[in-house]
Colleague: 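Have a look at the structure that comes next, please.
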Number of protein chains: 2
Amino acid sequence: MDATIKDIARIVKVSYATVSRALNNKHGVKPETRKRILEEAHRLNYRPNAIARGLVKKQTHSIGLVIPDITNPFYPEVARGVEDAAQEAGFSVFLCNTNWERDRELRYIELLTSKRVDGLIIAPVSETTETLQRFLRSVPVVYVSTTAVSAHESYVTIDNVKGGYLATELLIRTGKTPVAFIGSEEDSHTLQERLEGYKQALKDYHQPVDERYVRFGDFKRETGSRFIKKMVLEGVKPKGVFGENDLLAIGIIQGAKEIGLAIPDDLAVVGFDDIPFASFPEISLTTIAQPKYEMGRYAVEILLKRIGMEDTGSFPRQRLILEPNLVRRKSA
Amino acid sequence: MDATIKDIARIVKVSYATVSRALNNKHGVKPETRKRILEEAHRLNYRPNAIARGLVKKQTHSIGLVIPDITNPFYPEVARGVEDAAQEAGFSVFLCNTNWERDRELRYIELLTSKRVDGLIIAPVSETTETLQRFLRSVPVVYVSTTAVSAHESYVTIDNVKGGYLATELLIRTGKTPVAFIGSEEDSHTLQERLEGYKQALKDYHQPVDERYVRFGDFKRETGSRFIKKMVLEGVKPKGVFGENDLLAIGIIQGAKEIGLAIPDDLAVVGFDDIPFASFPEISLTTIAQPKYEMGRYAVEILLKRIGMEDTGSFPRQRLILEPNLVRRKSA
DNA sequence: AGAATTATAGTAAACGTTTGCAAAATACGC
DNA sequence: GCGTATTTTGCAAACGTTTACTATAATTCT
């Protein structure tokens, strides 16, 4: 059995209200009694029961982090950013992997609200957050890595269309035309934005937009490899390709090499995200970097500010759109 | 304000005890009243307050996962295994990164016990778990990826000495002698075990154990690269090297290439862990695979079994030592 | 029909804290 | 010393549940 405040009170012979005050450094308790209480608490190896405290204070000092899959190399860094910032503020974080399943996402959100987390950081799989509303109600949320949120929500993300533009522009300017686009699921909001950047760049540089050069699959490496091979097999032969994310891009490089294309001479490829592998000399992927760790940090900063406001309704939504950053390596 | 059980009781005009029973599917409440209660609960978008429930049941259905760094490619998979298994059993998991700092580890454990997690899974940075004892007391723990635990603790890990043996043996049998060992911090328990396997293999195959061929640094990729270069600069020229973990091994490959060595002909290298990158064709690292995801799952299985026991004292410790698995790729 | 049984509902205590308010103790001023 | 101001303490309610126990209502049995 864990020692409670009452145990201490009994031993030190004061009321447990006094013990509570002493333990919380409230003023109005005689230094000497406080000392005795603290000593006894230490002797009993007392640990305050955060559950009981949470019940009366209506605050758990916990937040939920809901992401698709920590195993996907994009997320560990944002998780770390979230965790670091939370920890510094005295918050703990529940990690939840939705595995890209919509109902698992919903179940988690329900579970977390049951546990009365003080806030939620969500990288949603659902492309719209409408469905989530019913479950969220009173819990503050900040979305991460999406813009598809209803009017009064906060988020932090990067400028995907600019990123797509930058990637495509580089390819065009280095003469790697025609440039293809290989992306993951077509209905992803993120993909649509990057695709828009791609198209915008093509237009600005007077390149034709040829639908045969744009393909959609999923976010797996193998897919990139398969798609590029399929493409050239069908006779569409890009000189450059913008892979909507790094995993795809790496797959593209691998597939291209398999069919004898030299990177970047025969085919230049640029990715998106700058996952850790991208910088390995063996890969050396030119890519659009997202400040993943910082995104995590910012998200909790916004969230905590929001949690701090007593008057929840009046908090202005915050929308932080970070700058993408072209990091040039050997693949393009 | 969130709806409570009392709100429902008031509206449906029953006592809140009845509401509680209805919501928990306890028998002894008339089907019709139950129906009315459930309907009202749904209408009010009622979410049970797990905090209040936890207080009386002395169970939070949460566990803590304490690891060094989710950003290290070894951990996401075990975290995922933990999370999946926990989720299936209705538990949530707190993610805590100690950043390899001992006192941060301690602080986290203290925090988590304050939050009254039902159990803890720890990949400890401290090479001995003695220090942790005071903080743990009543909380069930299972350690992961270490054997340095006091007598009555449970853990799941792999057979590191066997892994080290396998790696070294392969190198010897393919004629890649002399074989070097490059490891992380010398006082790591894990390292010592792998090193033991290395030495054992050398002995079994009648190879000399030459201390100039074994080096210790840290677990970073750059370190591997630096060390191999330094080694040959000093005139000790192994034909094979066993990198104590994959990051190191990859660094070794990179460093070797930089100084013109061909892999695996001039230098064969085998790593340890089988992190996701290892299988990339550009790397194609021969390595000792750990079943990371399964380790996570097993850890929670053991933990939950332990939590389920009312009589905590009598639970026999469980020690699960998984088999390492040599996966042969191109680097050796 | 009445007793005995069973199904349903309510009362109240408990979980371990925090906190407003009142009581007691101490210090201060003259 | 006595009244007053101030510091230190205690009492009790509250947070939202669960649950043992008791009370009432409904059903079954003879």
Side-chain angles (χ1 to χ4, degrees), chain A residues 1-38 40-41 44-62 111 113-118 137-139 310, chain B residues 1-38 40-41 44-62 111 113-118 137-139 310:
Chain A
M1 285 304 97
D2 294 324
T4 80
I5 230 176
K6 294 192 182 178
D7 297 324
I8 301 179
R10 192 159 21 74
I11 298 179
V12 183
K13 297 204 199 314
V14 292
S15 76
Y16 53 89
T18 303
V19 177
S20 170
R21 281 186 282 254
L23 259 18
N24 290 289
N25 287 312
K26 291 253 171 76
H27 64 281
V29 23
K30 184 154 61 165
E32 196 243 325
T33 26
R34 156 162 319 171
K35 184 157 153 290
R36 276 167 43 226
I37 290 171
L38 258 27
E40 190 57 29
L44 291 178
N45 204 4
Y46 168 80
R47 294 276 173 279
N49 185 324
I51 294 298
R53 175 200 298 243
L55 187 58
V56 6
K57 307 256 290 191
K58 290 169 174 303
Q59 263 230 68
T60 55
H61 278 269
S62 303
L111 181 62
T113 61
S114 244
K115 298 216 168 166
R116 295 298 189 267
V117 291
D118 294 336
R137 302 161 310 144
S138 42
V139 197
E310 54 313 322
Chain B
M1 286 303 95
D2 293 325
T4 82
I5 230 176
K6 294 192 182 179
D7 297 324
I8 301 180
R10 193 161 19 77
I11 298 180
V12 183
K13 295 201 200 316
V14 292
S15 76
Y16 53 88
T18 302
V19 177
S20 171
R21 281 186 284 256
L23 259 17
N24 290 289
N25 286 312
K26 293 252 170 77
H27 63 281
V29 24
K30 183 152 62 164
E32 197 243 324
T33 26
R34 157 162 319 172
K35 184 157 153 290
R36 276 168 41 227
I37 290 171
L38 259 28
E40 190 58 28
L44 291 178
N45 203 5
Y46 168 80
R47 294 277 173 278
N49 185 326
I51 292 298
R53 174 200 300 241
L55 187 57
V56 5
K57 308 257 290 192
K58 289 167 174 307
Q59 263 230 67
T60 53
H61 278 269
S62 303
L111 182 62
T113 61
S114 246
K115 298 215 167 167
R116 295 298 190 267
V117 290
D118 294 336
R137 300 162 312 143
S138 42
V139 198
E310 54 312 322

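Letters go in sequence order (proteins before strands), and every chain restarts at 1.
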Colleague: When the distance from OH of B:Tyr16 to P of C:dA14 is rounded to whole Å, what number comes out?
Modeller: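 One finds 13 Å between P of C:dA14 and OH of B:Tyr16, rounded.
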Colleague: Below 4.0 angstrom, which residues in residues 23-36 of chain A have at least one non-hydrogen atom near DNA chain D?
Modeller: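 Heavy-atom contacts with DNA chain D come from A:Gly28, A:Val29, A:Lys30, A:Pro31, A:Thr33.
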Colleague: Tell me: CZ of B:Arg21 to P of D:dG16, nearest whole Å?
Modeller: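 Checked: the CZ to P distance equals 20 Å.
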Colleague: If the threshold is 4.0 Å, N to carboxylate O, is there a salt bridge linking A:Glu40 and A:Arg36?
Modeller: no
Colleague: Quick one: A:Ile8 CD1 to D:dT9 P, roughly how many Å, whole number?
Modeller: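 About 15 Å, once rounded to whole Å.
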Colleague: To the nearest Å, give me how far apart NZ (B:Lys57) and C1' (C:dA13) are.
Modeller: 17 Å
Colleague: Could you check how far CD1 of B:Ile5 sits from C1' of D:dC15, rounded to whole Å?
Modeller: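 The answer, rounded to whole Å, is 13 Å.
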Colleague: State, to 0.1 Å, how close B:Gly54 and A:Ile51 come at their nearest heavy-atom pair, and which atoms those are.
Modeller: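 Looks like C-CG2, 4.3 Å.
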Colleague: NZ/B:Lys13 to CD1/B:Ile11 distance, rounded to the nearest 0.5 angstrom?
Modeller: 9.0 Å
Colleague: Under 4.0 Å between a side-chain N or O of A:Ser15 and OP1 or OP2 of D:dT9?
Modeller: no
Colleague: Pick the nucleotide of DNA chain C nearest each of B:Thr18 and B:Val56; which residue has the one closer to the 5' end?
Modeller: B:Thr18
Colleague: Do B:Ser62 and B:Lys115 have side-chain atoms, one donor and one acceptor, less than 3.5 Å apart?
Modeller: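 The criterion, which ignores hydrogens and geometry beyond distance, is not satisfied for B:Lys115 and B:Ser62.
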Colleague: Could you tell me the separation between the CG atom of B:Asp7 and the P atom of D:dC15, rounded to a whole number of Å?
Modeller: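 B:Asp7 atom CG is separated from D:dC15 atom P by 11 Å.
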Colleague: Could you work out which one of C:dG16, C:dG10, D:dT17 sits closest to the side chain of B:Lys58?
Modeller: C:dG16
Colleague: Quick one: label A:Thr4 by what it contacts on the DNA or RNA (base, sugar-phosphate, nothing), any heavy atom closer than 4.0 Å.
Modeller: sugar-phosphate
Colleague: Roughly how many Å is it from CG in A:Asn49 to P in C:dA14, rounded to a whole number?
Modeller: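 For the pair A:Asn49 CG and C:dA14 P, the rounded distance is 17 Å.
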Colleague: Walk me through whether B:Val12 and B:Val19 qualify under side-chain contact (heavy atoms from CB on, under 4.5 Å).
Modeller: CA-CA 9 Å; B:Val12 183; B:Val19 177; 5.9 Å; no
Colleague: When you compare the side chain of B:Asp2 with that of B:Asn49, does any pair of heavy atoms fall below 4.5 Å?
Modeller: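 Side-chain contact under 4.5 Å: no.
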Colleague: Measure CG/A:Asp2 against C1'/C:dT17 and give the value in whole Å, please.
Modeller: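 After rounding, the reported distance stands at 14 Å.
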Colleague: Which atom pair, heavy atoms only, marks the closest approach of A:Ala52 to B:Leu55?
Modeller: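 Looking at all heavy atoms of both residues, the closest pair is CB-CD1, 3.8 Å.
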